[in-house]
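Letters go in sequence order (proteins before strands), and every chain restarts at 1. The shown structure was predicted, so the numbers you read here are calculated from the model rather than taken from an experiment.
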There are 2 protein chains.
Amino acid sequence: MSDRARHIPEATVARLPVYLRSLAELVDDKIPTVSSERLAEMAGVNAAKVRKDLSYLGSYGTRGVGYDVEYLLFQMSRELGLTHDWPVAIVGAGNLGSALANYGGFTQRGFPVAALFDSDRAKVGQEIHGVEVHHTDDIAPLAKKLGVGIGVIATPASAAQDAADKLVAAGVGSILNFAPTVISVPEGVSLRKVDLALELQILSFYQEHRDADG
Amino acid sequence: MSDRARHIPEATVARLPVYLRSLAELVDDKIPTVSSERLAEMAGVNAAKVRKDLSYLGSYGTRGVGYDVEYLLFQMSRELGLTHDWPVAIVGAGNLGSALANYGGFTQRGFPVAALFDSDRAKVGQEIHGVEVHHTDDIAPLAKKLGVGIGVIATPASAAQDAADKLVAAGVGSILNFAPTVISVPEGVSLRKVDLALELQILSFYQEHRDADG
DNA sequence: GAACGCTAGTGCGCAAGTTCACAAGCGCAC
DNA sequence: GTGCGCTTGTGAACTTGCGCACTAGCGTTC
Ligand SMILES: NC(=O)c1ccc[n+]([C@@H]2O[C@H](COP(=O)([O-])OP(=O)(O)OC[C@H]3O[C@@H](n4cnc5c(N)ncnc54)[C@H](O)[C@@H]3O)[C@@H](O)[C@H]2O)c1
Ligand SMILES: NC(=O)c1ccc[n+]([C@@H]2O[C@H](COP(=O)([O-])OP(=O)(O)OC[C@H]3O[C@@H](n4cnc5c(N)ncnc54)[C@H](O)[C@@H]3O)[C@@H](O)[C@H]2O)c1
């Protein structure tokens, strides 16, 4: 791996968090080193893929031995930007937005919910899990002030694009969209989606075809 | 497209539900035909990809005109197996499991929650959104009786593999896993995951590197 | 009925991702 | 210090996916 030629493939980036979780388990179990084969088993992938993926981070393994678990965990955390917190703003303080704010798993993993936003004046001023609900008009100033880099959209589908636009205007560089609709963001802004209905429909396809063809 | 050579690529299958949603919008707006270009714009993809994807379903377009919205919607629904309901079983009746059971969006899209399962005897017998909570020991007989084809795992990570095993033993062919852990299923069983922490970590990576490199 | 405009369907080259297989190299045993 | 077993790192073949650019063909106009 040459010095600054560190363009990590998207597919690899998507797997790093899986390895990270496996490494965290190994640390808990006080296991000092791990082979690519063992890590592959834990992450549910091919061992060659693990080695190639890890090689993008640098040459952190030792031939004949494996990878030092703590060292690799640290390097990977650094690469993923997990050595510091990422305050998150949630737009849409309904069922889902509230559930996410209440879910401790986020803060625990370094993604504290810094603010909730809603367009419903009746919700503004309420507090959910210690986080105040603000009006969507205040996204830009507040998000900037709180250092929010990641926005979560939990509004109805019809309001999702508007929410995205407001987040982008506030300087948010990454968006996680839960609304079941396609939204567009300017180049340079990362966008990922979580779409349950879509996942179920994909499963439905394979289920249907297994039943019919298999 | 030859007669029975209908192996639809995975990447295409994953996009079909997106097209489906766009088509549903068009039907609502009473728009009778749509071009691949318009559909591409709605689905946020390239027009050539739309045409290639749709060609796997059959030759349903008309050159010079476009696709008949209702006809394409029907054919796609049929292909995805959405012409009938898919009863779903949820394992883990905690915060997430309850939220999913309460969320109307599932039933509405043809995935009624047929049963909830939990290992906690205190929860067994309760009713959530009209669905009774059963003990995990009863997954096999009940899932079979209710015709459950799709299982949803909403247990803590430590119990996820056990839940998956029980679902597979009950004849469930597709699993959607919300627990933040890798689980394995026998070949022939479809597995998809929804993992919020993982999504946030991926966003964190790009956010970190934009800030540092850009 | 001929010509034209428009859009589906697709062949093909390119890019990304995956996997195999092997050489490089570390550490331990003796 | 030499040799051996083990595991990494990676070149290269292969697979999958993408998108351009072209052809086929429908419908409409004159
Ligand atoms: N609840 C679930 O389990 C679940 C599951 C999957 C997907 N979803 C999706 O998540 C989204 C939210 O679901 P929900 O159940 O929380 O809905 P909800 O109706 O409970 O909440 C939506 C919230 O968004 C607010 N809102 C509306 N327009 C807004 C705007 N322009 N700007 C800011 N806020 C606005 C509303 O005031 C409301 O508080 C929906 O798109 C839904 O399809 C929800
Ligand atoms: N709540 C959220 O917003 C959220 C968000 C992302 C991910 N998750 C994940 O979803 C899962 C569930 O989260 P939650 O908040 O509902 O947790 P929870 O503790 O509220 O619920 C878990 C439920 O699973 C049951 N359970 C435990 N072991 C079981 C077993 N062996 N078989 C069947 N049931 C068993 C428990 O009795 C409990 O009812 C967790 O893995 C969590 O990480 C939750």
Side-chain angles (χ1 to χ4, degrees), chain A residues 1-3 5-19 22-23 26 31-69 71-73 75-76 79 187 202 205-206, chain B residues 1-3 5-16 18-19 22-23 26 31-73 75-76 79 187 202 205-206:
Chain A
M1 197 69 321
S2 72
D3 227 8
R6 268 236 308 263
H7 182 254
I8 304 187
E10 255 184 77
T12 295
V13 173
R15 280 189 295 269
L16 293 183
V18 182
Y19 301 141
S22 305
L23 290 171
L26 291 168
I31 295 169
T33 61
V34 64
S35 69
S36 60
E37 196 155 352
R38 176 84 184 92
L39 197 50
E41 192 195 321
M42 294 179 78
V45 299
N46 175 297
K49 201 166 4 188
V50 170
R51 291 198 295 275
K52 189 153 280 187
D53 285 343
L54 297 185
S55 78
Y56 290 113
L57 305 180
S59 202
Y60 296 143
T62 307
R63 290 158 198 242
V65 178
Y67 301 87
D68 181 287
V69 171
Y71 185 61
L72 186 57
L73 182 66
Q75 291 296 345
M76 200 175 285
E79 194 70 30
E187 200 169 351
I202 294 171
F205 172 89
Y206 290 110
Chain B
M1 195 74 318
S2 74
D3 227 8
R6 270 238 306 264
H7 182 255
I8 303 188
E10 255 183 76
T12 294
V13 172
R15 280 188 296 268
L16 293 182
V18 182
Y19 301 141
S22 306
L23 290 171
L26 292 167
I31 294 170
T33 60
V34 65
S35 69
S36 61
E37 197 154 348
R38 176 86 184 90
L39 197 50
E41 193 196 320
M42 294 180 77
V45 298
N46 174 296
K49 199 158 26 180
V50 170
R51 292 197 293 275
K52 192 158 279 184
D53 284 343
L54 297 185
S55 79
Y56 290 113
L57 305 180
S59 202
Y60 296 142
T62 307
R63 289 160 199 239
V65 179
Y67 300 89
D68 182 287
V69 171
E70 290 209 29
Y71 185 61
L72 186 58
L73 182 66
Q75 291 296 345
M76 200 175 286
E79 193 71 27
E187 199 169 352
I202 293 170
F205 172 88
Y206 289 109

Ignoring backbone atoms, establish whether [X] has a side-chain N or O less than 4.0 Å from OP1 or OP2 of [N].
X	N	answer
A:R51	C:dA24	no
B:S36	C:dA8	yes
A:Y67	D:dG9	yes
A:N46	C:dC20	yes

Is there a donor and acceptor pair, one atom on the side chain of A:R63 and one on the base of D:dT8, closer than 3.5 Å?
yes
Taking atom [atom2] of [N] as reference, at what distance in whole Å does atom [atom1] of [X] sit?
X	N	atom1	atom2	result
A:Y60	D:dT10	OH	C1'	18 Å
A:R15	C:dA16	CZ	C1'	11 Å
B:L57	C:dA8	CG	P	14 Å
A:Y56	C:dA16	OH	P	11 Å
A:H7	C:dA15	NE2	P	14 Å
B:E37	C:dG9	CD	P	15 Å
A:D53	C:dT19	CG	P	11 Å
A:E10	D:dG17	CD	C1'	13 Å

Would you indicate whether the side-chain heavy atoms of A:M42 and A:L26 approach each other to under 4.5 Å?
yes
Could you check whether any side-chain heavy atom of A:V45 comes within less than 4.5 Å of a side-chain heavy atom of A:V50, counting everything from C-beta outward?
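A side-chain contact under 4.5 Å exists here.
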Would you mind classifying the nucleic acid contact of [X] as base, sugar-phosphate or nothing, using non-hydrogen atoms under 4.0 angstrom?
X	result
B:G64	base
B:V50	nothing
A:A11	sugar-phosphate
A:R38	nothing

How close do A:L39 and A:L23 get, heavy atom to heavy atom, and via which atoms?
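Shortest heavy-atom contact: CD1-CD2, 4.2 Å.
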Between atom CG of B:L54 and atom CD of B:Q75, what is the distance when rounded to the nearest 0.5 Å?
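That separation rounds to 11.5 Å.
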Output for pair (B:E79 CD, B:I8 CD1), nearest 0.5 Å, gives 4.0 Å
Among D:dG17, C:dA8, C:dT18, the nucleotide that comes nearest once only the side chain of B:S35 is considered
C:dA8
Residue mapping more 5' on DNA chain C - nearest nucleotide basis, A:K49 or A:V65:
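Residue closer to the 5' terminus by nearest nucleotide: A:K49.
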Quick check: on DNA chain D, is the nucleotide nearest A:T62 upstream (toward 5') of the one nearest A:K52, or the reverse? Name the residue that is more 5'.
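Mapping each residue to its closest nucleotide by heavy atoms, the 5'-most match is A:T62.
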